[in-house]
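Residue numbers start from 1 in every chain, and the chains themselves are labelled A, B, ... in the order their sequence lines are given, proteins ahead of strands. Below, all heavy atoms of this structure are taken into account, side chains as well, without hydrogens, waters or symmetry copies.
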Protein chains: 2
Amino acid sequence: MLTLALTLALTVIIYHIDGLVNIQFGDYFEGFAMVKKRITMADVAAAADVSMMSVSRAMNGREGINQETRERILKIAAELDYHPSQIARGLVTRRTTTLGLVMPDVANPFFAQIARGAEDVAYAHDYNLFLINTAENLEREKRALDSLLEKDIDGAILCSSRLSQSEILSFLEKLPAAVLVNRELDLPDMRVATLNVNDCSGAMIAVDYLVAQGRKNIAMIAGPQTSISSQRRLDGYQTGLQTHGLPFSLELVQNCFPTTQSGEEAALALLKRCPTVDAILAFNDLVAVGVLRACLQMQKKVPQDIAIIGADDIPLAGLTNPGLTTLHIDLIALGEQAMFALLHLINAPTESAKTIVIQPELLIRESA
Amino acid sequence: MLTLALTLALTVIIYHIDGLVNIQFGDYFEGFAMVKKRITMADVAAAADVSMMSVSRAMNGREGINQETRERILKIAAELDYHPSQIARGLVTRRTTTLGLVMPDVANPFFAQIARGAEDVAYAHDYNLFLINTAENLEREKRALDSLLEKDIDGAILCSSRLSQSEILSFLEKLPAAVLVNRELDLPDMRVATLNVNDCSGAMIAVDYLVAQGRKNIAMIAGPQTSISSQRRLDGYQTGLQTHGLPFSLELVQNCFPTTQSGEEAALALLKRCPTVDAILAFNDLVAVGVLRACLQMQKKVPQDIAIIGADDIPLAGLTNPGLTTLHIDLIALGEQAMFALLHLINAPTESAKTIVIQPELLIRESA
DNA sequence: TTGTACGCGTTATCAT
DNA sequence: ATGATAACGCGTACAA
């Protein structure tokens, strides 16, 4: 009964294959649901009474076809609502106009902004983007990368990858192109660009500023010890202290996870351990907000008693009270740049690896 | 010279096709870079001295193959690091284990959280997710959906789609399954589930609470007029006022874009127009933060002079000072639920459309 | 300018 | 249990 009722609405196309008459229904079943049949190049060719090659040439804007026939074919294709199967095309061309975007967590505004910028540029160039969350989980990252490879992506952007150098390399060698964000490459590869924030310099600038403001007891809430950018910021912090003849002590450094919650706990611990601290450099803005809350709890006025400087300038940084002084980088632009670099590698291969470094700028609000 | 140097490192595989001897290099060039050759099923079959069908059966865990041979093939496949081409498989099976996630803006924490939840579940079920940003641009949304269709996705989640009902329907009929978030469907379809927040009820609850707190002049900063959820919240707001015998006036409603900036401007305009307002219902938390800033500017104490209630409970809501009282919904869980619903539609088709409604709960912090 | 034959890597069908 | 062959929808190479 069901079948009958549905069948009535079907269009029937009759065409010849190998001398046989084939009757094909316009729609087919998928589970209990009816999916509109996909129009193929053969359908268009039949309707336009030309060969599939002419349709192919017309659709892809290739040479070697009469302008009239091209327009006629295009018109018919549009009428039939024909959309070429990228998957069939990919099988033969080995290009899928599909890219991978791999990051620890899209819910983290830092990465969300990057994703936004990257997707915008990808869209503008007719590429689709696979979103992968690794959740900082190494196994998950590896499995996800394999799945991308199985889908024949043309390239990928890896953000803050946890993979070892050799794991990264073995992934990259199966890919036409890739961009590494927040990660460096030991062995330069002409198919791989790297894009890093100059965290070290940023931290030094922050220390300079704090010293100029008369701060003498500058502490740091660092990120996870595995985080490359945290290591670089710690470096800059130490160097900054040295430059100004300030003593460095491990007591002044507290690690935490890159969350507000964890930042708050770390700051609380730090402030109890070193009550004389008058400035705190935070791993990033999320952590800085945690520090802000800790100060509030400890009845420390910001910036009077304690100055706070964050990093990244996520939107949240401009919304706290007091507003967060932070090391600004344009994250959406960063995402765009990463995608530009990737597309460039894919479409106009260079001879040497590109190394992009982004310089953060101190954005002074109220917290320092 | 270059070619020569590289050629030395290549593995050479010789096999027979149609009686011809074919020599194929282990790697090939893509631009100037060398991509490791993809191992195919034929390679594995040759290495294991079986037919491709046996390899297929072994890899897919199908019946009809000797346990010993299966294990032998699997071992060889692993040694060769063989990964089946999902794209070739998709061409024949019409299933790509690929889904679409369409939203206005991943950089908006509301959607970022949903994306996070959805990706987690998709990953757990071995699906890959295409991320699409529409930027609230109708043309872009349509083009992006077409590109997804061309890539043969198995299904999609559409968040806050701007498409007309007929446009949505014509998209859906080409898809095996879909989930609509923040959007309803006129015509029930067994391949489509809808997932909506009960915004109307949420707004009513908020009004109830404000009235119970003694507020008498409750205004609303609504979202864009095209936003369905804004319309629903406005509905609840009006009904709530009526229930308590409070007068409704268009003067008390101000529309804005769903950003903090725009919310701030709208609140400023509203407060100048109606200085006696003692409570504001905001379209969402982003807007509510804008309202908070406007109050700060106008020297109005929150919640003493003015109470503010937001919506969605994005992470930011818990970080402002004062903390934002808001209509809480678990956004990550929402994303998970949407993805569960989609996978269910794909793998276990139901007979009737599923309509999921999420009930927000008032989360009282300090702003009201 | 247009068309034919074939292959991309896999699964389905039907033999054996 | 295993294999040969034909699709899937398209582009490339070459022929007409």
Worksheet item: Considering only D/dT2, C/dG3, C/dT11, which nucleotide approaches the side chain of B/M53 most closely?
Response: C/dT11
Practice prompt. Return the 5'-most residue of the pair B/I65, B/A88 with respect to DNA chain D, ranking by each residue's nearest nucleotide.
Written response: B/I65
Worksheet, complete the sentence: Per atom distances to the B/S51 side chain, the nearest of D/dG3, D/dC10, C/dT10 is D/dG3
Worksheet item: Any salt bridge between A/R140 and B/E119, counting N to O under 4.0 Å?
Response: yes
Discussion item. Taking A/H83's backbone N and O only, do any of them form a donor-acceptor pair with A/R38's side chain (distance below 3.5 Å, no angle check)?
Written reply: yes
Worksheet item: Given atom CE of A/M52 and atom P of D/dC8, what is their separation to the nearest angstrom?
Response: 11 Å
Fill in: Whole-Å distance separating the CE atom of B/M41 from the P atom of D/dG3
12 Å
Fill in: Nucleotide nearest B/T93 when distance is taken to its side chain, options C/dG9, C/dT2, C/dT11
C/dT11
Item to complete: Let me know the distance between CD1 of A/I87 and C1' of D/dC10, rounded to the nearest Å.
Response: 11 Å
Worksheet, complete the sentence: Separation of D/dC10 atom C1' from A/N60 atom CG, nearest Å, is 9 Å
Worksheet entry | Spacing of A/R62 atom CZ relative to C/dT2 atom C1', expressed in whole Å | 15 Å
Practice prompt. Figure out the NZ/C1' separation between A/K151 and C/dG9, and round it to whole Å.
Written response: 16 Å
Worksheet item: With distance as the sole criterion, do the side chain of A/R57 and the base of D/dG11 form a donor-acceptor contact below 3.5 Å?
Response: no
Fill in: B/I73 CD1 - D/dT2 P separation (whole Å)
8 Å
Worksheet item: For A/R89 and D/dC8, what is the distance between atoms CZ and P respectively, to the nearest whole Å?
Response: 19 Å
Discussion item. Between A/K36 and A/D81, does any NZ, NE, NH1 or NH2 come within less than 4.0 Å of an OD or OE carboxylate oxygen?
Written reply: no
Worksheet item: Pick the nucleotide of DNA chain D nearest each of B/V92 and B/T69; which residue has the one closer to the 5' end?
Response: B/T69
Practice prompt. Would you mind classifying the nucleic acid contact of A/R70 as base, sugar-phosphate or nothing, using non-hydrogen atoms under 4.0 angstrom?
Written response: nothing
Worksheet item: Salt bridge between B/E71 and B/K75, side-chain N to carboxylate O under 4.0 Å?
Response: no
Discussion item. So that I can tick it off, tell me whether B/E167 and B/K142 are bridged by a salt bridge, with the cut-off set at under 4.0 angstrom between side-chain N and carboxylate O.
Written reply: yes
